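Every chain is numbered from 1, with letters handed out A, B, ... down the list of sequences. What you see is a predicted model, and the numbers here were worked out from it, not measured in a lab.
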Amino acid sequence: MSNDTIKYTPEDTNYEGKQDFTITVYAEDRVGLLNRISIIFSKRKINIDSLNTSPSEIAGIHRFTILINEGYEVVRKLARQIEKQVEVLKVYFNTDSEVIWQELALYKVSTEEITEKVTVERLLRQYGATAVVIRKDYTVFSVTGHKEETDALVKALEPYELIEFVRSARVAIIKDSAGFHEKLKEFEADEPGEERVENEFLDKGDKIFTM
Amino acid sequence: METLQDTATKKATTSSPTFKGTGSQMLLNALIEEGVSTIFGYPGGAIMPIYDALYDYADKLEHILVRHEQGGIHAAQGYARTSGRVGVCFATSGPGATNLVTGLADAQIDSTPLVCITGQVFAHLLGTDAFQETDVINITTPVTKWNYQITDAKEIPEVLAKAFYIAKSGRPGPVLIDITKNAQLQVEEFETYVKCNHIRSYRPKPKVRVEFIEEAAKLINSAQKPFVLFGQGVILGNAEREFKAFIEKTGIPAAWTIMGEGAIPTEHPLNVGMLGMHGNYGPNVLTNEADVIIAIGMRFDDRVTGRLDKYAKQAKIVHLDIDPAEIDKNVKADVGVWGDCKETLPILTNLVKENKHEAWVALFKDYNQQEIDQVITPELYPAGEEMTMGEVLRTLNEITGGDAVIVTDVGQHQMVACRYAKFNKTRSNVTSGGLGTMGFGLPAAIGAKYGAPERTVVAIIGDGGFQMTPQELGTIMQFGAAVKILILNNQFLGMVRQWQQLFHDKRYSFVNITSPDFVALAKSYYIEASKVDQRAELKKALQTMIDHDGSYLLEVMVGKENNVFPMVPQGCSVSEIRLK
């Protein structure tokens, strides 16, 4: 068997260089598991760009979304190490083109400043921002989108006394995923069923979205 | 947060409460249900309720009081390694728990099944920096396969069942269960204990995929120079027979990592020796000539591979492992066979053709002859006055015939013992492979003896390593573990000295270690002991040690500045192995 069959070949995968990967972890909801996962990165001195923990489509199953900038081989090994943890059910990792993702950003600016020097309507239109709170002393806007978009508004607001800025971790939906309900049935079975795909990255070559 | 009972494991079929008692009693019942008979431990404040309960279980559970918690966990490791069962150790909170960390790291990297129970302060004191409180769960997370803190006694049966299942299934490893004092004292009605055999988020064995085994067989069948590298996975999978059948049918020469040593007898004609930094000449050089390498239950540690970018680049790699994370981790596999080798090897054996790679096996013999002439003969039959470690091992082999369990510490004596000790049986070589823990030898030997009481257990330890855990002589004294302790004293931290000699211009920086009178030390613990510094006395002294009824310490003075060869210098390819 040649090496080619175990290669992962979406068009934008750069095997050599670093790129953004979104790692999606389905896991039991358990105290301490976040630590167990995060030390897999810190042990290798790899920085996590963002990390989000959230419920998933299934009650009791937690979903971690981890964003890192690394090479494909490194990410694949990390994914295997994470999946090896007893309370982790499944790990997927995807390039940006394979996921739909959003981040939420909040901006606090002086209301006086913004009403005098720039029109609120212009900001709202141009950056797709929403005014969350408008008070006499300050206004809070929110923008949902990609990093480049939320960064653009930071730049735009800089001349107008941006008082506070915060951006959430990335949350992402995998385009090619059918969700976890079916997979969970396989995990809950005592004996692995025939349909249970174990070596899927070896199976499907370029069709797959997982390790 | 949901509890474990809700999500992680299958609920046992409900049955009427059958046991009313404390969490501590339930814990001990669970150990008995899991077949535990021996515990290595040390009491303290936060684990006192468990020890109080243990007082009434003396007829069912033998507790060995060690002299330090590190000794306790290494003993549990030794026990697991020779018996194939889960080693169990107890420690209290705080310093008791932190003293386990080295053993946990050692067991994690060497895949040793352990369940460690630590006491913890009352749940209401957690996070208050209470007396002897330490965050043992977070401290041990990187060095455990799984860990869990119990704050409510109701969790004890299910968590213990999970702990044993996780420790021993799949790729084994250490599990730590931290139990707060209130949970130990809490009185509950417990349901019938049910062993765990399924956790939905945990897949100990990947599903065996025959198509990949077929690919592997194709490669093996077309190979001209196939070479098997095997590790402890063969032993952990109880697959020694399946492994032997595979190499005998294919006629493929097989070399071992030190963790895999003994899976086939030393004298098996296809056993071509040891891999790695101080391994044999042929296996290292020919790694870079083989056309197909079949790695079985081994993980391509850097001490085995040397420089990776010059490692077996010409070969197709077939890698059989139960842990998918090991495949492609260090060496890229052309065919990865996921699964327990107990299951995959018989399928593979069925698919491969009978063969005899006579010329290829003969090549190993040629290299071996060069090694015999240049390294082995001078080491085993030295011409000089000074005794060598190798001749001590040769003499020991003559006495034990290869039937003894050999436990080693870490350093030159370890490499010499692995190179020259003869093994007839599996589960006979107990050593700290991955972590390289000095101080492992003596306590591990105590556990090894409990794990295989019918066998002779010889602990071979250097003068440096012995001084890291000598307190366990007290355990031997009190419990009479009949361990034979063989100290090979070269008056140096020999392996570090060797490196300083070869790579640091002989600048001997803090490797000159002095020793106490080991014989007097042993005798102060009422352990019979003697010392030899003359070749003429060696055999008789070793014979006395082995024949002695009970534990015995023998110190052998060996040459001060002998080096272990061959050697693959760090940063070099395996084919650049040096004979001197």
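Crowding of Ile173(A) atom CD1: a count of heavy atoms from other residues, nucleotides or ligands under 6.0 Å not exceeding 12. Under a cut-off of 6.0 angstrom, the local environment of NZ in Lys353(B) is sparse, with at most 12 non-hydrogen atoms contributed by other residues, nucleotides or ligands.
Salt bridge status for Lys332(B) with Glu73(A): present, with a side-chain N to carboxylate O gap under 4.0 Å. Looking at Arg80(A) and Glu326(B), no side-chain N of the basic residue comes within less than 4.0 Å of a carboxylate O on the acidic one, giving no salt bridge.
Put simply, of Lys84(A), Gln85(A), His62(A), the one with the most heavy-atom pairs under 4.5 Å next to chain B is Lys84(A).
Side-chain contact check for Ile199(B) versus Glu28(A): every heavy-atom pair is 4.5 Å or farther apart.
Arg44(A) meets the side chain to side chain contact (heavy atoms under 4.5 Å, CB included) test with Ile40(A), Ile46(A), Leu78(A), Gln81(A); sequence neighbours excluded. With sequence neighbours left out, the side chain to side chain contact (heavy atoms under 4.5 Å, CB included) criterion links Gln126(A) to Arg122(A).
Atom CG of Asn138(B) sits about 4.5 Å away from atom CG of Asn35(A), to the nearest 0.5 Å.
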Going through the checks in order, is the side-chain contact (heavy atoms from CB on, under 4.5 Å) test met by Arg30(A) and Tyr148(B)?
CA-CA 10 Å; Arg30(A) 213 263 279 177; Tyr148(B) 190 82; 3.9 Å; yes

Walk me through it: do Glu186(A) and Arg200(B) pass the test salt bridge (charged side-chain N to carboxylate O under 4.0 Å, His left out)?
CA-CA 9 Å; Glu186(A) 300 165 20; Arg200(B) 73 175 182 188; over 6 Å; no

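Contacts of Asp323(B) with chain A are made by side-chain atoms alone, with heavy-atom separations under 4.5 Å and no backbone atom involved. For a residue to count as touching a neighbouring chain, one of its non-hydrogen atoms must lie under 4.5 Å from one of that chain's; by this rule Ile137(B) does not touch chain A. Only the backbone of Val88(A) comes within contact range of chain B, with heavy atoms under 4.5 Å apart.
Shortest non-hydrogen contact noted between Val86(A) and Trp146(B) is CB-CD1, 3.9 Å. Between Lys329(B) and Lys77(A) the shortest heavy-atom distance is O-NZ, 2.7 Å.
A side-chain donor from one of Thr144(B) and Arg36(A) sits under 3.5 Å from a side-chain acceptor of the other.
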